[in-house]
Novice: 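My structure is below; once you've seen it, I'll send some questions.
Residue numbers start from 1 in every chain, and the chains themselves are labelled A, B, ... in the order their sequence lines are given, proteins ahead of strands.
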Protein chains: 2
Amino acid sequence: MYQATMHSSELLKGTLQTIVLKILADHGKMYGYEITQRVKDLSDGTILLTEGALYPTLHKMEAEGLLKTETVLMGKRVRKYYTLTRDGKSVVQEKVREFAAFMKTMSALLNLQTA
Amino acid sequence: MYQATMHSSELLKGTLQTIVLKILADHGKMYGYEITQRVKDLSDGTILLTEGALYPTLHKMEAEGLLKTETVLMGKRVRKYYTLTRDGKSVVQEKVREFAAFMKTMSALLNLQTA
DNA sequence: GCCTGATACATAATACTCTTATGCATAAGA
DNA sequence: TCTTATGCATAAGAGTATTATGTATCAGGC
């Protein structure tokens, strides 16, 4: 298994879905492992999604109709590609907006000048 | 009991300690109920700390030596004032710095222009 | 005088989400 | 051939917050 921890561990709680959905919105069709790598890159190695967190979340969002899948055989290896459904696309927007609002609120609370 | 929910519920996970410590750092001696009200004000009513979350956290941080307490009788009512210890003061700084870094990373991931 | 809502503390049961651990299997490189 | 990377998946456990409950004082309206 590949390495799987992160710096500010608990802060990530509740952001996993938002991250995954947004990555899919920006990049289109992707498979699980690819998502972990992209998140790792975009976060300069600070966010390393664990498989135990990612796969159940993907399954859950698929069950909720936010994602649809397509299984492809690469040689003898299985890849499961995920794409946003129409519902998924509107949920991403909500989630990102919600997170932006959250950041703004936190900036006020913590007296940060960022926002 | 007073009202106790919040908009973007799960995002708050992991930020409670940071919020409480920072509020105490900025305002000095405060008691539990006062903290909930201040957070409510500073967040424009979007963050309503629940007692079931706040008090255990305060107790935990006291046990960890980040906070010290002083119990005062107001008439016949008990108030428990919390103040940062020296350890608490350095931990706040770390936590706030950590959160700022987290926001920056998330901004990159979510393609936000805030940071 | 009584009731409601705000003030003020506290803890227990429950739910949720993620971490850690484990399992299986193929492919590439040293 | 052995380790690392790729690629999926699930289960046990930990951690943190929500919801519910309990106790009690105080102020204001009727």
Novice: Nearest-nucleotide wise, let me know which of K60(A) and G75(A) is further upstream toward the 5' end of DNA chain C.
Specialist: K60(A)
Novice: Should H59(A) be listed as having a side-chain N or O under 4.0 Å from OP1 or OP2 of dT10(D)?
Specialist: yes
Novice: Taking only the side-chain heavy atoms of Y31(A) (C-beta and beyond), determine which of dT18(D), dG7(D), dT16(D) contains the nearest atom.
Specialist: dG7(D)
Novice: Provide, to the nearest angstrom, the distance between the CD atom belonging to Q37(B) and the P atom belonging to dA8(C).
Specialist: 9 Å
Novice: Looking at T15(A) and T18(A), would you say the former's side chain and the latter's main chain have a donor-acceptor pair under 3.5 Å?
Specialist: no
Novice: Pick base, sugar-phosphate or nothing for R77(A), based on heavy-atom distances below 4.0 Å to the nucleic acid.
Specialist: base
Novice: Are K80(B) and Y31(B) in a cation-pi contact, defined as NZ or CZ under 6.0 Å from the six-membered ring centre and within 45° of the axis?
Specialist: no
Novice: When you get a sec, tell me which of dT11(C), dC18(C), dA10(C) is the closest nucleotide to the side chain of P56(B)?
Specialist: dT11(C)
Novice: Round to a whole Å and report the spacing from CG of L12(A) to P of dT20(C).
Specialist: 12 Å
Novice: Taking the side chain of K80(A) as heavy atoms from C-beta outward, which of dA10(C), dA9(D), dA17(D) is closest to it?
Specialist: dA9(D)
Novice: Among the candidates dA10(C), dT16(D), dG7(D), find the nucleotide nearest to the side-chain atoms of Y55(B).
Specialist: dA10(C)
Novice: Quickly work out the M30(A) CE to dG7(D) P distance and round it to whole Å.
Specialist: 11 Å
Novice: When both hydrogen-bonding distances must be under 3.5 Å and the geometry is Watson-Crick or G-U wobble, what is dA30(C) paired with, if anything?
Specialist: dT1(D)
Novice: For G32(A), which contact category applies under a 4.0 Å heavy-atom criterion: base, sugar-phosphate, or nothing?
Specialist: sugar-phosphate
Novice: Assuming nearest nucleotide by heavy-atom distance, tell me which of K76(A) and Q17(A) is located more 5' along DNA chain C.
Specialist: Q17(A)
Novice: Strictly distance-based, threshold 3.5 Å: is any side-chain N or O of T85(A) a donor or acceptor partner for the main-chain N or O of L66(A)?
Specialist: yes
Novice: Separation of E70(A) atom CD from dG7(D) atom C1', in whole Å?
Specialist: 17 Å
Novice: Please give, in whole Å, the distance from dC9(C) C1' to E62(B) CD?
Specialist: 14 Å
Novice: When I47(B) is tested against each of D41(B), L12(B), L42(B) for side chain to side chain contact (heavy atoms under 4.5 Å, CB included), which residue passes?
Specialist: L12(B)
Novice: Whole angstrom is fine here: how far is it from CG in L49(B) over to P in dT19(D)?
Specialist: 14 Å
Novice: Output the rounded distance in Å from CD (E51(A)) to P (dC24(C)).
Specialist: 15 Å
Novice: Any side-chain donor paired with an acceptor under 3.5 Å for T57(B) and Q17(B)?
Specialist: no
Novice: Tell me whether the OP1 or OP2 atom of dT19(C) has a side-chain N or O from T50(A) closer than 4.0 Å.
Specialist: yes
Novice: Quick one: I35(B) CD1 to dA8(C) P, roughly how many Å, whole number?
Specialist: 12 Å
